2 protein chains.
Amino acid sequence: MSKSSVIEAPRTAAQAVGCCPPLSGAVLEVSQAVTAAAMFKALGDPVRLRIFSMIASSPGGELCVCDVLDVGVSQPTVSHHLKKLREAGLLTSRKEGTWVHYAVSPGVLGALASLLQLPA
Amino acid sequence: MSKSSVIEAPRTAAQAVGCCPPLSGAVLEVSQAVTAAAMFKALGDPVRLRIFSMIASSPGGELCVCDVLDVGVSQPTVSHHLKKLREAGLLTSRKEGTWVHYAVSPGVLGALASLLQLPA
DNA sequence: TCCTTGAATCGATAACTGTCGATATAAGGA
DNA sequence: TCCTTATATCGACAGTTATCGATTCAAGGA
């Protein structure tokens, strides 16, 4: 193990969602709907969506937790939301010394966007 | 009022979301996050996501409620989910005689997809 | 070794959500 | 007018969630 260990998301949700046809292409299978809904649900809280937006739009592509602490809720609540986003497969985390950096899971934005594609 | 009256969504959520930069472009304002999160939240339930998918992928672009009743939950629950999707601005409904037809709100898919756009 | 700091976990609580059966409403047909 | 059919609403209930303060854990630094 290297010095900065990576805490993986439980499953690669991006792959699971990337597999699916666009919503307007065919009816989602139940298992696909469960995975995709979990990701939408994670983005379905205003505080969490803003945290995700902060990380997604950060110049380096990742953000220290300490830079996410000014969203209007307490530190334990921020930690709780980051955990939810990671469990949904939307974020990955990387520990470096005392700090933890979060980044958007690769492929996840594209997978969700293609799920919402317009009909041809 | 014409014979087939249109039940509008409370607000045109597509416009409100379409106004926003991509998530990876800039941090969402609080008010933008509230509106966008409401739409993601509505898609954040597996049953609801499947209902939305059925309507979005239907050939005519709209679907009678009676064609959505086989998703594994009771009729009142389907009605409840359709109401949630309409209140989030994702669906519009049109009454025609005894039947009610639901369709995807115009612009909503594109607005959400552009919100999830990848960084340039 | 002790202290400080960043982050996660714990326990509690109020609010919300998905689901159902029962009922109401509304439109059409006999 | 009465019955049937399509949706919506009501009331209830079990499960989930967002939030907090208090605490714990982990990594450095003095």
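Fair warning: this is a prediction, and the values are worked out from it, not measured in the lab. We name chains A, B, ... by the order of the sequence lines, and we start the count at 1 in each one.
Between A:S93 and A:R86, the closest heavy-atom pair is OG-CD, 3.5 Å.
Applying the side chain to side chain contact (heavy atoms under 4.5 Å, CB included) rule to A:A103 yields the partners A:E62, A:T92; only residues at least two apart in sequence or on another chain are considered. Every side-chain hydrogen bond (donor to acceptor under 3.5 Å, both in side chains) that B:T77 has, sequence neighbours left out, goes to B:S74. A:A37 pairs by the side chain to side chain contact (heavy atoms under 4.5 Å, CB included) definition with B:P46, B:L49, not counting sequence neighbours.
Of the residues in residues 70-81 of chain A, those lying under 4.0 Å from DNA chain D by heavy-atom distance are A:V73, A:S74, A:P76, A:T77, A:H80, A:H81.
Taking atom NZ on A:K83 and atom P on C:dC10, their separation rounds to 7 Å, with Å as the unit. One can place CG of B:D45 at 10 Å from C1' of C:dT19, the figure rounded to the nearest angstrom.
Distance from the side chain of A:K41 is smallest to D:dT16 among C:dT19, D:dT16, C:dA8.
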Polar atom pairs between nucleotides 25-27 of chain D and protein, under 3.5 Å, N or O only, would you list them?
none

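In terms of phosphate contacts, B:R48 brings no side-chain nitrogen or oxygen within less than 4.0 Å of OP1 or OP2 of C:dT17. Contact annotation: A:Y102 does not reach the phosphate of C:dG6 (side-chain N/O to OP1 or OP2, under 4.0 Å).
B:S53 contributes a side-chain N or O that, together with a main-chain N or O of A:L28, makes up a donor-acceptor pair within less than 3.5 Å.
The hydrophobic cluster of A:W99 has no other members, since no ILVMFWY side-chain heavy atom comes under 4.5 Å of it.
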